[in-house]
Undergrad: 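Before I ask anything, let me first share the structure, which is written out below as C-alpha cells.
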Amino acid sequence: QVQLVESGGGLVQTGGSLRLSCAASGRTSNSNTMGWFRQAPGKDREFVAAITWSGGSTYYAGPVKGRFTISRDNGKNTVDLQMNSLKPEDTAVYYCAAEGPGLPRVIVTTKGLTVGFGSWGQGTQVTVSS
C-alpha cells in the first residue's frame, strides 16, 4: 500500500494561486499514474488532474484546464498541483491519489487515459473567498 500525504492548502482570494504537494511513501512505484481529486461539501469526489509515471502525459478536468498544472518528481516521490486563477467554485478538499489497488477505488476514463486509483491521502482544504 502507498501512503500519501498532502500539504499546501489554505485560504486564498479569487484570482490567487496555491501550490499543493503530495509526498508518497511505502510501496511506491514510479510506474504509477498519480492524480488529484477534490470534493466540495455535498458533492461527489471529482477528478481534477492526472500525470503518467514519466510525466510525459497529463490530463485535466474541463473546469481546471488552463489554470491548474500537475507535475511530478519521481526522485523525490512527490506530485504537485499548481493552481492559478482560483475561483470560489474551486473550494473543496483536495486529495492526492495513486494508481493501484485499494478502496475507495475510482476509475478515471478520459481522452486516452483509463486508470484505477486506489490509494488516497487524507486531503487538504482549499478555500477560495469571493
Undergrad: How about Gln125 and Tyr94: do any of their side-chain heavy atoms sit closer than 4.5 Å?
TA: no
Undergrad: For the residue pair Met83 and Leu81, establish whether any side-chain heavy-atom pair is separated by less than 4.5 Å.
TA: yes
Undergrad: Judged by atom type as modelled, is there a donor-acceptor pair below 3.5 Å linking the side chain of Glu99 to the main-chain atoms of Asn32?
TA: no
Undergrad: Judged by atom type as modelled, is there a donor-acceptor pair below 3.5 Å linking the side chain of Thr14 to the main-chain atoms of Lys87?
TA: no
Undergrad: Ala50 and Thr33: which non-hydrogen atoms are nearest, and at how many Å?
TA: CB-CG2, 4.2 Å
Undergrad: Is there a side-chain contact between Val64 and Arg38, using heavy atoms and a 4.5 Å cut-off?
TA: yes
Undergrad: Linking directly or through intermediates, with side-chain heavy atoms under 4.5 Å: list the remaining ILVMFWY members grouped with Tyr95, chain and number order.
TA: Phe37, Phe47, Tyr59, Val93, Val106, Val108, Leu113, Val115, Phe117, Trp120
Undergrad: Of the non-hydrogen atoms in Ala40 and Ala92, which two are nearest, and what is the gap between them?
TA: N-CB, 3.8 Å
Undergrad: Does a donor on one side chain sit under 3.5 Å from an acceptor on the other, for Ser21 and Asp80?
TA: yes
Undergrad: Hey, does Val126 have a side-chain heavy atom less than 4.5 Å from the side chain of Asp90?
TA: no
Undergrad: Is the side chain of Thr91 donor-acceptor paired with the backbone N or O of Thr127 at a distance under 3.5 Å, no angle test?
TA: no
Undergrad: With a 4.5 Å cut-off on side-chain heavy atoms, are Phe68 and Val48 touching?
TA: yes
Undergrad: Using the disulfide (SG to SG under 2.5 Å) rule, collect all pairs that involve residues 57-130, keeping only residues at least two apart or in two chains.
TA: Cys22-Cys96
Undergrad: Where is the tightest heavy-atom contact between Ser85 and Ser17, given as atom of each residue plus distance?
TA: N-OG, 4.4 Å
Undergrad: If you take all heavy atoms of Leu86 and Arg67, which pair is closest and at what distance?
TA: CA-NH1, 3.9 Å
Undergrad: Which heavy-atom pair separates Gly100 from Arg105 by the least distance, and what is that distance?
TA: O-NH1, 2.5 Å
Undergrad: I'd like to check Arg19 versus Ser7 (side-chain heavy atoms, cut-off strictly below 4.5 Å). Are they in contact?
TA: no
Undergrad: To the nearest 0.5 Å, tell me how far Asn74 CG sits from Met34 CE.
TA: 9.5 Å
Undergrad: Among Ile51, Ile70, Thr110, which one satisfies side-chain contact (heavy atoms from CB on, under 4.5 Å) with Tyr60?
TA: Ile70
Undergrad: Does any non-hydrogen side-chain atom of Leu20 lie less than 4.5 Å from one of Trp36?
TA: yes
Undergrad: Please check if the side chain of Asp73 supplies one atom and the backbone of Lys76 the other of a donor-acceptor pair under 3.5 Å.
TA: yes
Undergrad: Indicate yes or no for a side-chain donor-acceptor contact from Glu6 to the backbone of Gln122 under 3.5 Å, with no hydrogens or angles considered.
TA: yes
